[in-house]
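Beneath this line is the structure, given in structure tokens, with notes to follow.
Counting convention: from 1, in listed order, for ligands and their atoms alike. Every value quoted in this text rests on a predicted model; they were computed, and no experiment measured them.
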Amino acid sequence: MVSRVIPVDDFDIVIFGATGDLAHRKILPGLFRRFVAGQIPATARIIGAARTEQDDDGFRAEAASAIAEFAGVKKNDPHLAQFLELLGYTAIDAKGEGGWNALKSRMREGAVHAFYLSVAPSLFGDIAERLAGHGIADDNSRVVVEKPFGRDLASARALNQVLARHFDEHQVYRIDHYLGKETVQNLMAVRFANILFEPLWNAQHVDHVQITVAETVGVAGRGSYYDKSGAIRDMVQNHMMQLLCLIAMEPPYHFDPDAVRDEKLKVIRALEPLKPEDIVRGQYHAEGGDGSYLDDAENPDSRTESYVAMKVRISNWRWQGTPFYLRTGKKLRARTSEIAITFKEPPHSIFDDSGVPKANELVIRLQPNEGMNLKVMIKEPGPGGMRLVQVPLDMSFAVALGADGADMPDAYERLIMDVIRGNQTLFMRGDEVEAAWAWTDPIIEAWEDSKRRPEPYDSGSSGPEEALRLMHRDNRRWRELRA
Ligand code: NAP
């Protein structure tokens, strides 16, 4: 049971950076899959733009190869030939003056206009200025920008200002692809479409929350990029912050872009500054040397963290006293993303000799095998009297909904269609991004000022010992990392 496909309005989308990796791996295959699903009108136009000199046919051949590779289709697939008809290409240097009028002549009046800036953020200003200067973008156009949105508050503010010179906030779509994931949106459905959880969703009933994003891969191949970023910039400031917000926010008055984003912003503003004892940084290490972070990162002396665990407190009425533990890292034991809400134990047990009831736990799995698991106490079956046992009520969304994973739109597909529809709910607002940096900046600065090195942890482990101690200190433990 996959939801009905509702076609979007006719559109022209210009992909700046159309010859790049992201366009090849995600944007073009994503548009192709939405075309095959019947969501994209046959009149839509997809215009590639980059410095590489080539004509429409050259770009179509390039797109065909990328789609064949990353969408897993054969080059002779009849849908592919139809899709390629929508494609065109204009060679443009973002910093030069050539090509802009040619681009303008390709844009149709009456169609939605979207500009996807799949280029380095240093080019956002050049492109925005020329789109406006040549009369290509107008008040109804949309501009899509990629992560990373800055590397600190100052750079994020500068990017916001550059975009604000030519686009209103309602035209700017800052992508965090995590927000396009099915289960991430399900967090809102679970919380706000059921009466069951919300009355318990507060410090009175929730002992603590764990948010985990664990990867098995290291940084080999992108070490020079990652080394300038690290886990806090790469994962915490954006993806994990978004997950935290969706779990912790108050119910918005309506499922409306600004109502949802207002509530997320309030959570970020309520985050207490992190204490030095509440954060652990790690770097993966391989026995025998080869394959350690320091080999992958090129800089043999790097202090960049490939792992971080932190205890986060939210200073508001709902969450006062309930810690949120976040951890993310590379080269860990399993690839898994999940949010676990551990409720408090029942205040009193009536079952004297038959075992103490354990705390209920709700685990929302984002990957792999998206779904939910609620641990409840029941009576152990059999004649041996009243003995208690904890069992999982386990639900895989794919099984429950009969959805074939192959039919589920990927996060990018969903988000690009939202851009065309003009729906910003799943995109970060400028003030939200700035607030997230305002909270992470002091954490990063304190580390940069210190002389400390990240704690080493073995590749394939659960992370550094210190991170275990962060939990033990509070008489808690991390959930086991399992794929
Ligand atoms: P990339 O492979 O290096 O591609 C960059 C693109 O920009 C190329 O198409 C390049 O084409 C074009 N370009 C460079 N200078 C230009 C100029 N002066 N004028 C016009 N076009 C220019 O980078 P990418 O990996 O696709 O990433 C693009 C953006 O997405 C970056 O901001 C990145 O941080 C972000 N992002 C990427 C990924 C990913 O998985 N790749 C994931 C998340 C976010 P020409 O050389 O032909 O001009």
Any idea how His134 and Trp100 line up, ring-wise: parallel (<30°), tilted (30 to 60°), or perpendicular (>60°)?
parallel

Check this for me: Arg452, atom CZ, are more than 12 non-hydrogen atoms of other residues, nucleotides or ligands nearer than 6.0 Å?
no

Nearest to atom 31 (C) of ligand 1, what protein heavy atom do you find, and at what distance?
Val119 O, 3.5 Å

Within a distance under 4.0 Å of any heavy atom of Leu22, pick out the atoms of ligand 1 and give their elements.
24 (P), 25 (O), 26 (O), 30 (O), 38 (C), 39 (C), 40 (O), 41 (N), 42 (C)

Hey, which atoms in ligand 1 end up nearer than 4.0 Å to a heavy atom of Pro121?
32 (O)

Heavy-atom contacts under 4.0 Å between Leu123 and ligand 1: side chain, backbone, both, or neither?
side chain

Please work out whether the ring planes of His239 and Tyr178 are parallel, tilted or perpendicular, with thresholds of 30° and 60°.
parallel

Quick note on ligand 1: atoms under 4.0 Å from a heavy atom of Ile92 include exactly 19 (N), 20 (C)

Asp262: salt bridge (Lys or Arg N to Asp or Glu O under 4.0 Å) partners, not counting sequence neighbours:
Arg429

Which residue and atom name correspond to the protein heavy atom nearest atom 28 (C) of ligand 1, and how close is it?
Ser118 O, 3.3 Å

Which residue holds the protein heavy atom closest to atom 6 (C) of ligand 1, what is that atom called, and what is the gap in Å?
Gly17 CA, 3.6 Å

Nearest-contact summary for atom 22 (C) of ligand 1 - protein heavy atom, Å:
Arg51 NE, 3.9 Å

Is Arg479 salt-bridged to Glu338, going by a charged N under 4.0 Å from an acidic O?
yes

For atom 34 (O) of ligand 1, grab the closest protein heavy atom and report residue, atom and distance to one decimal in Å.
Lys147 O, 3.1 Å

Enumerate the atoms of ligand 1 whose separation from the nearest heavy atom of Pro148 is less than 4.0 angstrom.
34 (O)

Does any N or O of ligand 1 fall below 3.5 Å from an N or O anywhere on Ala94, backbone included?
yes

Where is the nearest protein heavy atom to atom 10 (C) of ligand 1: which residue, which atom, and how far?
Thr19 OG1, 3.8 Å

If you count the atoms of ligand 1 from 1 in the order shown, which ones are under 4.0 Å from a heavy atom of Gly20?
2 (O), 4 (O), 8 (C), 9 (O), 26 (O)

Glu480/Arg333 salt bridge by N-O under 4.0 Å criterion
no

Sidechain N-carboxylate O distance under 4.0 Å for Arg106, Asp56:
yes

Do Asn238 and Arg174 meet the criterion of a side-chain donor-acceptor pair at a distance under 3.5 Å?
no

Residue, atom name and distance, where the atom is the protein heavy atom closest to atom 47 (O) of ligand 1
Thr52 OG1, 2.4 Å

If you count the atoms of ligand 1 from 1 in the order shown, which ones are under 4.0 Å from a heavy atom of Arg25?
39 (C), 40 (O), 41 (N)

What do we get for Glu146 next to ligand 1 when only non-hydrogen atoms under 4.0 Å count, side chain, backbone, both or neither?
side chain

Could you tell me whether atom 3 (O) of ligand 1 has a protein heavy atom closer than 4.0 Å?
no

Distance only, no hydrogens: is a donor on one side chain within 3.5 Å (strictly under) of an acceptor on the other, for Ser141 and Asp138?
yes

Using a cut-off of 6.0 Å, state whether more than 12 heavy atoms not belonging to Arg335 lie near its atom CZ.
no

Looking at Ile339, Ile341, Ile314, which one forms a side chain to side chain contact (heavy atoms under 4.5 Å, CB included) with Phe324?
Ile314

Please confirm whether Asp21 comes within less than 3.5 Å of ligand 1 when only nitrogen or oxygen atoms on both sides are compared.
yes

Identify the two heavy atoms, one from Gly230 and one from Thr304, that lie closest to each other, and give their separation to 0.1 Å.
CA-CG2, 3.4 Å

Within ligand 1, which atoms have a heavy atom of Asp93 less than 4.0 Å away?
17 (C), 18 (N), 19 (N)

